[in-house]
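The structure appears below as structure tokens.
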Amino acid sequence: MAPKPWSEWSMVLSHMALGAVSLHAAVSTAQASRGAAAGFLLQALAAATMLTRGLGTGEDCLAGDWVATVIGLPLLAFDFHWCTNGHLMCAGCFIHLLADARLKEEQATCPNCRCEISKSLCCRNLAVEKAVSELPSECGFCLRPFPRSLLERHQKEECQDRVTQCKYKRIGCPWHGPFHELTVHEAACAHPTKTGNELMEILDEMDQSHRKEMQLYNSIFSLLSFEKIGYTEVQFRPYRTDDFITRLYYETPRFTVLSQTWVLKARVNDSERNPNLSCKRTLSFQLLLKSKVTAPLECSFLLLKGPYDDVKISPVIYHFVFTNDSNETDYVPLPIVDSVECNKLLAAKNINLRLFLFQIQK
């Protein structure tokens, strides 16, 4: 085996020093703060992993993979929170625990020590997040190891094996392949040489998809030209039904828009018996008119996220004619992107959204 150059030995020595200092710090702070000690310990493990990769052969890299597997994959995508006793939870698990507790009408607890957890009691552990960001993880395309802090950029911009599409996909080319084959494919792609008649069918399908997207935005622009428009911030508060097996539902206080009094209600998974047992979670809502009207009140309405929330809600316009005999809509889906976004809403103490109402005058 050829001797290693001085640059590699200096890197090895720096990893050894970092590991020793981190391990000493973990032992020193174990009694005072378990969370901080966990962060230093992870930093020591990260240094040991890089040291193993620097000194060993390809087989020795299994040690580094073992460390990454013990820590858990993928971790970079999440923040870390810790309970008052120092136990760690990634952000996804933390939000899921809070949402489950809301559905079961229980106090959320740490899965390790059962102490109470909440957004006010738990905070992020930056030491652990920093340590985990330095742990190596394999690229899903080229299988080369990278620090987790650099992995996302590598997979999106730098990896030569990342999956990409032909630049002629806009005229129907279905090719997907590794980035290093893109130039060869585009040079031989048959789609640029197709005739206009051959491309018309593909372009018609693309136009139909584009029209559906534009129809929503054109509808919103049309509604914004109405004479009577109202909006307000609404706060859904959690309640329980009076059934023997209680169910969670949400309701807002009464609010006034367009000179009328309204209430919004929401339910989880369409009042499924045990939504906490399901990983797929949805919210649906209902708009109720509480005022008496002398004539039918035709309205369009939509719910969007509040000004300080980060939940992802797609705009969907609903339409209903309110009368004294028919003063409440059916439950309609709250167009949340996925169950993760739904858990964010359920984990919050209250759900804050913004309601838009448009009165249609004939």
Side-chain angles (χ1 to χ4, degrees), residues 53 58 61 64-65 68-69 73-78 92 133 135-225 279-282 300 302-305 310-319 332-344 356 358:
R53 292 185 183 275
C61 290
D65 295 336
T69 304
L73 294 174
L75 293 179
L76 183 61
F78 305 105
S133 71
L135 288 175
S137 182
E138 283 188 349
C139 170
F141 304 116
C142 65
L143 304 182
R144 292 170 55 197
F146 289 90
R148 294 172 188 272
S149 57
L150 304 177
L151 183 61
E152 183 177 1
R153 177 182 174 183
H154 166 77
Q155 289 181 330
K156 287 184 177 180
E157 302 177 7
E158 301 170 354
C159 182
Q160 293 296 305
D161 292 327
R162 68 186 186 272
V163 177
T164 187
Q165 293 178 289
C166 176
K167 68 180 180 181
Y168 300 114
K169 67 178 181 178
R170 295 176 61 84
I171 55 175
C173 180
W175 184 84
H176 289 72
F179 180 79
H180 63 81
E181 297 179 4
L182 179 62
T183 304
V184 175
H185 164 78
E186 290 180 348
C189 183
H191 281 73
T193 61
K194 287 189 174 183
T195 65
N197 288 332
E198 291 174 323
L199 294 176
M200 282 304 298
E201 183 177 350
I202 299 171
L203 295 176
D204 285 341
E205 292 179 0
M206 296 176 62
D207 285 344
Q208 289 179 7
S209 175
H210 181 67
R211 286 192 202 99
K212 290 180 180 178
E213 295 178 2
M214 290 303 299
Q215 184 177 1
L216 172 63
Y217 293 106
N218 289 334
S219 297
I220 294 176
F221 291 142
S222 177
L223 291 173
L224 290 174
S225 67
C279 291
K280 185 177 181 180
R281 291 170 182 171
T282 60
S300 294
L302 71 156
L303 273 178
L304 298 176
K305 69 173 186 177
D310 61 349
V311 65
K312 299 175 182 177
I313 300 179
S314 304
V316 174
I317 301 170
Y318 297 103
H319 184 81
V332 293
L334 181 63
I336 308 172
V337 175
D338 53 31
S339 296
V340 175
E341 298 298 317
C342 187
N343 278 333
K344 288 182 182 179
F356 288 86
F358 308 88

| message | One pair to check against side chain to side chain contact (heavy atoms under 4.5 Å, CB included): Ile317 and Ile220. What are the steps and the verdict? | response | CA-CA 8 Å; Ile317 301 170; Ile220 294 176; 3.7 Å; yes
Could you give the distance from [atom1] ([X]) to [atom2] ([Y]), rounded to the nearest 0.5 Å?
| X | Y | atom1 | atom2 | value |
| --- | --- | --- | --- | --- |
| Lys305 | Ser314 | NZ | OG | 11.5 Å |
| Arg211 | Asp204 | CZ | CG | 7.5 Å |
| Glu158 | Phe179 | CD | CZ | 11.0 Å |
| Ser137 | Gln155 | OG | CD | 7.5 Å |

| query | Any side-chain heavy atom of Thr282 sitting closer than 4.5 Å to one from Cys342? | reply |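 A side-chain contact is absent here, since even the closest heavy-atom pair is not under 4.5 Å.
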| field | Derivation and outcome, side chain to side chain contact (heavy atoms under 4.5 Å, CB included), residues Leu303 and Ile313 | value | CA-CA 8 Å; Leu303 273 178; Ile313 300 179; 5.8 Å; no
Using modelled atom types only, decide if a donor and an acceptor are shared between the side chain of [X] and the backbone of [Y] within a distance under 3.5 Å.
| X | Y | result |
| --- | --- | --- |
| Gln160 | His180 | no |
| Asn197 | Met200 | no |
| Ser339 | Arg281 | yes |
| Ser219 | Gln215 | yes |
| Tyr318 | Pro333 | yes |

| request: Measure from NZ or CZ of Arg162 to the centre of the six-membered ring of Phe141 and say whether it is under 6.0 Å with the direction within 45° of the ring axis. | output: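 Relative to the ring axis of Phe141, which defines the angle, Arg162 lies outside at least one limit.
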Residues 164-174 side chain polar contacts: donor-acceptor under 3.5 Å, at least two apart:
unit_1 : atom_1 : unit_2 : atom_2 : d
Gln165 : OE1    : Lys169 : NZ     : 3.0
Gln165 : NE2    : His176 : NE2    : 3.0

| field | Residues in ring-ring contact (aromatic ring centres under 6.0 Å, His included) contact with His191, at least two apart in sequence or another chain | value | none
| message | side chain to side chain contact (heavy atoms under 4.5 Å, CB included) for Phe146 and Arg153? Distances and angles first, verdict last. | response | CA-CA 10 Å; Phe146 289 90; Arg153 177 182 174 183; over 6 Å; no
